[in-house]
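Okay, structure first, notes after.
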Number of protein chains: 2
Amino acid sequence: MKIERAGDTGTIDRRVARTRALLQDAIIALIPERGYAAITVDDICRKANVGRSTFYTHYTDKDALRSATLEAHLRSLSREQLSKEERTGSRVFDFSLPMFEHAQAFRSLHHALLASSGDTIHDQMRQRIQRAVRAELSGKRVGEAGVPIEFAVQFIAGAFLAVLAWWLPSDMKLSPAHVDELFQKMAGQAIGARG
Amino acid sequence: MKIERAGDTGTIDRRVARTRALLQDAIIALIPERGYAAITVDDICRKANVGRSTFYTHYTDKDALRSATLEAHLRSLSREQLSKEERTGSRVFDFSLPMFEHAQAFRSLHHALLASSGDTIHDQMRQRIQRAVRAELSGKRVGEAGVPIEFAVQFIAGAFLAVLAWWLPSDMKLSPAHVDELFQKMAGQAIGARG
DNA sequence: ATCATACTGGACACAACGTCCGAAATCGAT
DNA sequence: ATCGATTTCGGACGTTGTGTCCAGTATGAT
């Protein structure tokens, strides 16, 4: 599978393509090693065998490189999806399977971009929520079984955090009780609780 | 409501308590202004009217301060929860309502700690997923209604990302198809789709 | 072969970090 | 009120990483 890299629009000097590919590969290789936050531009350049000044002719930032790398891969993913005919069967969401498959194929990439984001805060908060969910879920048996408890924990905790983050800056048009009601409803249905 | 701050164990010199409180308040006030990543230790100290060298006698890092601040608030939250008797009614999860309420009361704190995490990657990825979910959800009408579509989008997208992030580093004992099946099941139930 | 373009490597100023110290201020206890 | 212990202050220091610039060299396109 050929990965298109950021900036492939139109004809491009081979040197440019080469340099960008080297840099993108380098940052992906580096992130699992020491975590994104700890990486310096110099690290990337040494790994890629590219002059540091060259880096700045392509990307303004470490962030810019990361962003471009992610974008390129997501683009190639969408393209794959479009080429396949979508066989919507009993499934509800079509986007997820291709994503899981792509994640498996480009494991190190996804791992680099998702897991070790170096975001301590989110991790701290997330662990707290996960513990709470796990505690409540271990009592009730989950759904009609077949769903590993840890999967359900991740599912619910992730949903909760997303909802919370969405609700917070929204001027709180919904009351806490109302948001909670919505969350309870969807979460309860998700784990197959009898309402 | 009195917030316990990190390090309140035992008797503490007033100066220490004062300094830590000032620093914690400062970082919370600062994060919404320019985003966590852009804040420097010097910024925090100026905002708090605390000498920069003093900062380092209490926290090793900007991260350490942030972490301690979050930890202190979460502790105070758990304490509240314990003091109230838990009236488990038809609700499935007990942790969520207190969390939503706390989030409303300490809005700026939560907003500071959750929303503007400065994590460009997650945001980029998340927006992509949200778009996909929104597209698929706008077709099918959500559940038995009553649930705003955007709420459902956040819920599902958050759950998906959490599951993906959990599955990735787990050596992939589950196949993509299997993980997807689990996800489809819970997500489908969550939006009240007939299986 | 020639020209345009990209890469190099080193120098530069700058910003922020984390450490250290003596002097001043503040606390807790007598 | 006094005194010893502790904390805070402010400033200086070396270090690291950033982003810019330039002149010289290498490489691709035609």
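All heavy atoms count here, side chains included; hydrogens, waters and symmetry mates do not. A note on names: the letters A, B, ... follow the listed sequences, proteins ahead of strands, and every chain is numbered from 1.
Spacing between atom CD1 of A:I44 and atom P of D:dT18 amounts to 8 Å, rounded to whole angstrom units. One atom, CD1 of B:I39, and another, C1' of C:dC17, lie 16 Å apart when rounded to the nearest Å. Following rounding to the nearest Å, B:F55 (CZ) and C:dG18 (P) show an atom-to-atom distance of 8 Å. Atom CG of A:D61 is separated from atom C1' of D:dG19 by 10 Å (rounded to the nearest Å). Rounded to whole Å, the distance from CG on B:L22 to P on C:dT26 is 14 Å. Whole-Å rounding puts the B:D43 CG to C:dA15 P distance at 13 Å. What separates OH of A:Y56 from C1' of C:dG10 is a distance of 15 Å, to the nearest Å. Atom C1' of nucleotide C:dA29 and atom CZ of B:R14 are separated by 13 Å, given to the nearest angstrom.
To the nearest 0.5 Å, atoms CZ (B:R66) and CD1 (B:I44) are separated by 10.5 Å.
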- [ ] Would you give a per-nucleotide map of nucleotides 7-16 of chain D, 5' to 3', where B means the base has a protein non-hydrogen atom under 4.0 Å away, S means only the sugar-phosphate does, and - means neither?
- [x] BSBBBB----
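Remark on the helix from C:dA1-D:dT30 to C:dT30-D:dA1: inter-end axis angle 40°, axes from five-pair C1' superpositions, rounded to 10°.
Using a 30° and 60° split on the angle between ring planes, A:Y59 and A:F55 fall in the tilted class, from 30° to 60°. The aromatic rings of B:F183 and A:F93 sit tilted, their planes meeting at an angle between 30° and 60°.
Between B:F160 and A:F100, the ring center distance clears the sub-6.0 Å criterion.
Both tests hold for A:K62 against A:Y36: distance to the six-membered ring centre under 6.0 Å, angle to the ring axis within 45°.
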TODO: Take A:E150 and B:S170, measure what side-chain contact (heavy atoms from CB on, under 4.5 Å) needs, and give me the verdict at the end.
DONE: CA-CA 12 Å; A:E150 198 53 28; B:S170 72; over 6 Å; no
Task: Test side-chain contact (heavy atoms from CB on, under 4.5 Å) applied to A:W166 and B:F151, step by step - done: CA-CA 8 Å; A:W166 164 78; B:F151 181 94; 3.6 Å; yes
- [ ] May I have the step-by-step check of side-chain contact (heavy atoms from CB on, under 4.5 Å) for A:M99 and A:Q104, ending in yes or no?
- [x] CA-CA 9 Å; A:M99 198 79 193; A:Q104 190 185 46; over 6 Å; no
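Checking A:H110 against A:H73 by side-chain atom types alone, no donor-acceptor pair falls below 3.5 Å.
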